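Have a look at the structure below before the remarks.
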Number of protein chains: 2
Amino acid sequence: MGITIKDVAKAANVSPSTVSRVVKDSPRISQETKKRVRQAMRELGYHPNAMAQSLTSKNTGNIGIMLPRPNDEEFNHPFFPEALRGISAVLRIHDRDILLSPAGNEVEERRALQRMVLSGKVDGVVLLSSRISDELITWLYSINFPFVVIGNPRPLGLERVCWVDNDNIEIGRMITQYLIDKGYEDIGIITGDLRFIVNIDRLEGYKQAMEAAGKSTNRAYMAEADVWEDGGYNAMLRILRNGKPSAVVTVDDLFAIGAIRACRDRGYSIPYDIGVIGVNNIGVDQYLMPPLTSVEIYAYELGKSAAELLLKRIEIGPEYNDCVIIHGRLVERVSC
Amino acid sequence: MGITIKDVAKAANVSPSTVSRVVKDSPRISQETKKRVRQAMRELGYHPNAMAQSLTSKNTGNIGIMLPRPNDEEFNHPFFPEALRGISAVLRIHDRDILLSPAGNEVEERRALQRMVLSGKVDGVVLLSSRISDELITWLYSINFPFVVIGNPRPLGLERVCWVDNDNIEIGRMITQYLIDKGYEDIGIITGDLRFIVNIDRLEGYKQAMEAAGKSTNRAYMAEADVWEDGGYNAMLRILRNGKPSAVVTVDDLFAIGAIRACRDRGYSIPYDIGVIGVNNIGVDQYLMPPLTSVEIYAYELGKSAAELLLKRIEIGPEYNDCVIIHGRLVERVSC
DNA sequence: AATTGTAAGCGCTTACAATT
DNA sequence: AATTGTAAGCGCTTACAATT
């Protein structure tokens with residue numbers, strides 16, 4: 001700390017602007033000068049001051065990420081580190097850093113985002129949370145700030161947002177169809193919070209597949225889970241109070257894990273008495289008893305594509321917008 | 001974007017310095033002036049430019065976090081989101097943001113840290129990775145930059161580093177002792193990579209407990225696992241090739257999950273043929289078959305304490321240093 | 001003594017001018 | 001035409017001066 005462009009300039013016997021140009025490797029500077037300046041930089045241990053650079057150049061090199069709120073249970077889902085990995089992979093190449101603004105609740109979240117954006121700490125934002133409220137999206141949209149959402153902003157009817165998502169209706173259909181093809185008769189479903197589009201869509205896919213197979217959906221075999229394993233456990237218990245489905249579609253592996261436990265606690269064995277299928281293909285799936293059939297949703301790719309779209313959006317400007325849909329792949333194991 | 005302190009000054013009919021003081025709620029400004037200036041700020045939609053503030057005030061409001069490298073398998077361990085939650089919880093209160101520098105490998109990691117620090121993008125750093133090489137620690141130490149490590153820097157012999165950790169020798173002792181008390185005879189162990197202090201320590205605890213009980217440790221029943229479930233699976237298989245221990249200590253639940261599967265694949269049932277115990281008390285533990293006995297290590301608290309120490313270190317200066325040791329708590333379930 | 005303003009400076013970038 | 005320098009400016013902070 002302390003060595004500035006001026007010190008280097010003096011040492012290399014050039015003007016500060018020349019040093020600045022050498023730092024950015026400008027073609028306007030001759031090779032000999034560059035050599036001399038770089039030499040001086042090395043000798044003095046010069047490092048550009050990022051804040052000064054940002055102030056003058058108007059870009060920060062930072063991308064803001066809105067994770068689910070750390071207070072929410074969502075935060076602990078393996079999806080997020082995986083998506084974050086994907087984002088990191090591309091930001092790394094472009095020499096950008098990630099800025100996280102810790103927020104405990106919805107109000108803080110909105111304020112955190114506004115501060116990040118309005119105080120100029122980031123060049124763009126990725127909204128990595130299905131619960132992300134329309135509010136954040138519409139606001140960013142309205143001020144024309146670069147952002148991309150991981151999830152489907154379809155209900156907002158905004159034409160030019162960048163987004164990346166799985167085809168969750170398709171995934172709902174896929175897992176339901178798989179059970180149907182296996183010959184299961186009465187197929188129930190455990191969804192997550194139905195204020196999330198991802199859950200609405202997977203449920204919709206389930207309904208479509210059931211209908212296409214000429215099966216009626218039975219409300220007694222449908223339950224909305226709240227939080228992960230416990231939520232899945234309780235939801236399954238509620239279903240079992242109404243009767244015994246032959247199989248159960250679950251919109252998330254963590255729900256499936258809870259549901260399986262509930263079945264077992266009621267004396268049912270998986271997959272013989274009840275088949276169970278999940279979504280996400282999380283790490284433990286193949287080590288569960290029985291190994292859980294699931295859908296790989298490619299969270300890493302989701303993150304990667306999101307970062308790529310955002311970078312393009314930043315570079316090209318508001319006239320750019322695009323979306324990427326990533327298809328799931330069923331991973332067959334033995335739980336159904 | 002666009003509204004500066006000067007615009008507000010003009011609108012409120014004061015000087016820029018007055019506006020600046022109002023922003024920081026300086027006691028040197030009268031209530032009436034504050035009111036008037038704030039009014040103007042609201043009307044114009046003023047937001048302070050964070051970069052300019054940082055440039056002049058010499059602090060950024062950002063804390064850098066070195067997560068394990070996203071390319072490493074470690075990155076996907078539930079420990080990290082949990083520790084991150086704890087860090088977030090305290091940074092939120094102090095209105096600080098988190099800066100992550102994506103790094104794919106060791107070299108990039110070092111460069112990322114150096115850039116973060118030397119370019120002045122952060123006021124302090126938390127090293128959240130047991131593999132974090134001494135190099136990073138000793139460097140930060142040598143330049144007197146505020147940092148805290150989650151993990152035990154003991155081998156470096158640096159006197160004044162801030163750190164936070166479990167007592168991993170104690171944890172190793174605790175889980176081994178638990179098996180001994182349960183009457184298990186031949187107790188093996190699956191450790192992780194022994195270049196990590198956490199693993200060395202837990203192994204040490206195991207040895208201490210065995211010795212104290214007058215049991216000899218059997219190299220045939222000791223294995224080093226590489227990556228998580230698969231690593232635990234393979235390690236257990238290697239042990240079973242040498243014979244059948246009556247129980248196995250595992251330094252991580254993910255290893256335990258793999259190990260249990262390996263036992264089952266060889267026809268052994270848990271806990272009747274082989275007892276298994278893990279460490280970390282991850283979310284799925286109680287939903288496993290059988291539910292896994294483990295040790296709660298309070299990753300959230302670890303993160304929280306780390307952030308608190310770091311903030312103090314930043315505020316007070318290099319003469320401050322402290323460490324926090326968080327004790328594990330055994331969570332009894334049915335796997336042993 | 002309490003309140004406000006002046007002006008320099010933080011460390012860069014970049015339009016424009018100057019030099020060869 | 002190729003290379004370098006001058007100087008203003010980015011949006012703040014803060015020591016010091018000035019005013020009441």
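If you're wondering where the values come from, they're calculated on a predicted model, not measured in any experiment. Every chain is numbered from 1, with letters handed out A, B, ... down the list of sequences.
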Tell me whether the OP1 or OP2 atom of [N] has a side-chain N or O from [X] closer than 4.0 Å.
| X | N | value |
| --- | --- | --- |
| B:K24 | D:dT13 | yes |
| B:Q53 | D:dT13 | yes |
| B:K58 | C:dC10 | no |
| A:S30 | D:dT4 | yes |
| A:S15 | D:dG5 | yes |
| A:T18 | D:dG5 | yes |

When the distance from [atom1] of [X] to [atom2] of [N] is rounded to whole Å, what number comes out?
| X | N | atom1 | atom2 | result |
| --- | --- | --- | --- | --- |
| A:Y46 | C:dC12 | OH | P | 3 Å |
| B:L44 | D:dG11 | CG | P | 14 Å |
| B:M51 | D:dT13 | CE | P | 14 Å |
| A:R21 | C:dC16 | CZ | P | 13 Å |
| B:N59 | C:dG11 | CG | C1' | 16 Å |
| A:K10 | C:dG11 | NZ | P | 13 Å |

5' precedence on DNA chain C between B:L55 and B:E32 (nearest-nucleotide basis): B:E32

Sugar-phosphate only, base, or nothing, as touched by B:S54 at under 4.0 Å among non-hydrogen atoms: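 Nothing, no nucleic acid heavy atom in range.
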
Touch class at under 4.0 angstrom, heavy-atom based, for B:S20 against every strand present: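 Base, at least one base heavy atom under 4.0 Å.
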
Residue matched to D:dT13 through Watson-Crick or wobble contacts both under 3.5 angstrom: C:dA8

Watson-Crick/G-U partner (both atom distances under 3.5 Å) of D:dA2: C:dT19

Picking from [options], which would you name as closest to the side chain of [X]?
| X | options | result |
| --- | --- | --- |
| B:T4 | D:dG11, C:dC12, D:dT4 | D:dG11 |
| B:S17 | D:dT14, C:dC12, D:dT3 | D:dT14 |
| A:A52 | C:dT4, D:dT4, C:dG11 | C:dG11 |

Pairing of A:K312 and A:D322 as salt bridge, 4.0 angstrom limit: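 Looking at A:K312 and A:D322, the cut-off is not met.
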
